[in-house]
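Data block below; observations after.
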Protein chains: 2
Amino acid sequence: MSTTTTDTKEQIISVAERLFAERGFAGTTLRNVISEAEVNLAAVHYHFGSKEDLFRAVVARFARPIVEQELALLKQLQAGDRVPSVEAILTALFKPGLEFLAQDKEFLLVHAKFMGRCWTEPEPLKSIVAGEFALSMEAFLDVLQRTLPEQSRSQLSWKFDLVIAALIRVQSEAGQPFALLQSTEPEAIQEAMEQLVKFLSAGMRS
Amino acid sequence: MSTTTTDTKEQIISVAERLFAERGFAGTTLRNVISEAEVNLAAVHYHFGSKEDLFRAVVARFARPIVEQELALLKQLQAGDRVPSVEAILTALFKPGLEFLAQDKEFLLVHAKFMGRCWTEPEPLKSIVAGEFALSMEAFLDVLQRTLPEQSRSQLSWKFDLVIAALIRVQSEAGQPFALLQSTEPEAIQEAMEQLVKFLSAGMRS
DNA sequence: GTCTATAATTCGATAGAC
DNA sequence: GTCTATCGAATTATAGAC
């Protein structure tokens, strides 16, 4: 695989992620993508096959490092059969996503908005996204179950779903007036994460 | 205005609401709408002018009765300068939306999903929706401020935003496996509402 | 108000030269 | 791998008969 190829592929994925995030899958045309990515239309089909396969590639590049980090933090948290607190679990869930925001300020909100958009895409896109995150979601539910054994699995499930919805909302709204997350300074992110964890831990225990 | 006209207009709006809810604005074509509504393509432009204006009409028919009910319940809650509890305020916020689900079982989830979809539509659609609900949102924030005077306005704002996000998520996921809202029986809705209010009130106070 | 017919564009996808 | 050129289908929107 030549350097040029990689650049072209990555360039297409990056632009597609941003446009999918802003306008959704149906609202984004391949011509929008190639125009901003400054590549040829045929290159998209050559590298990815179809628009839907391009979406798959975007989701994969986006989700895998996050899931990996989440699972690592979770494993670390459970070391020695410890039963972590709700706060610790939620912090492990939020950290990879939110710290990603701090790392690259240029596209700071793109990943977040893409995630938020994915959450509401119709089938079959929704299943593509859910598939990438399924492993991580199950693992978090399992450890939550051990921390809150008095709650039923179904209760934990819908509560955890609302936790994810809240995280996504905070990420999507970042930077907007009155949003929780106003700046991408590490301190601001840390502060926002703590407040969000407090808000949701209280709900998880209710 | 003849009966036929009204029926055609209402029919178009109803189908459009459902399709916008399921596939989003960009993912829905006017041909999808007229096909299911069994009306002529030109009728859409005759009655609404454009696809975006059709979206405006859908939002207006959808939002206005809900906002009206919300404000009425809120006024009732504040009668005699009372300072209602967080639980009472959230219940007033959730009731109109959730009880709507029970009323018409045929389209029980359409309104809910439409609302959820609207929340993430790109501009200028987002602003159209926000405009319809702005009055109600401000009123709720004001009464929340009086109930929780020790919290800053900006804190209340992002927390309230997460409350809305949670309500929308619950509505959108209704009927799915592991969702909070599984049935449209009044008792099930009541029970779900109480649990959701508990979850979020705890967070509001945190 | 409703219809047919169609204009004017844009879409995803592909063939084939280089 | 990258390009031009183009296909066939689908899109919103309109004109004009009834």
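All chains are named by letter (A, B, ...) in the order of the sequence lines, taking the proteins before the strands, and each is independently numbered beginning at 1.
Between the side chains of B:Asn32 and B:Thr29, at least one donor N or O lies within less than 3.5 Å of an accepting N or O.
Side-chain proximity of B:Ala42 to C:dG12, D:dA15, D:dT2: nearest is D:dA15.
Residue A:Asn32 contributes atom CG, which lies 8 Å from atom P of C:dG12 at whole-angstrom precision. Atom CG in A:Leu41 sits about 8 Å away from atom C1' in C:dA13, given to the nearest Å. A straight line from CD1 of A:Ile34 to P of C:dA13 spans 13 Å, rounded to a whole angstrom. Atom CZ in A:Arg31 sits roughly 12 Å away from atom C1' in D:dA9 (whole-Å rounding). As a whole-Å value, the separation of B:Tyr46 OH from C:dC3 C1' is 13 Å. To the nearest angstrom, P of C:dG1 lies 20 Å from CD of B:Glu38. If you take CZ of B:Phe48 and P of C:dG1, they are 12 Å apart, rounded to a whole angstrom. In this structure, the CG atom of B:Leu30 is 9 Å from the C1' atom of D:dA13, given to the nearest Å.
When the shell of 6.0 Å around NZ of B:Lys51 is examined, it contains more than 12 heavy atoms from other residues, nucleotides or ligands.
Of all heavy-atom pairs between A:Gly203 and A:Lys159, the closest is O-NZ, 3.7 Å.
Within the structure, every side-chain polar atom (N or O) of B:Thr29 is placed at least 4.0 Å from both OP1 and OP2 of D:dA10. Applying the 4.0 Å criterion to OP1 and OP2 of D:dG1, one finds that A:Asn40 has every side-chain N and O outside that range. B:His45 has no side-chain polar atom (N or O) that falls below the 4.0 Å cut-off from OP1 or OP2 of D:dT14. Contact check, A:Ser50 against C:dG12: no side-chain N or O comes under 4.0 Å of OP1 or OP2.
Between B:Phe114 and B:Phe62, the angle of the ring planes goes over 60°, which puts this pair in the perpendicular group of the 30/60° scheme.
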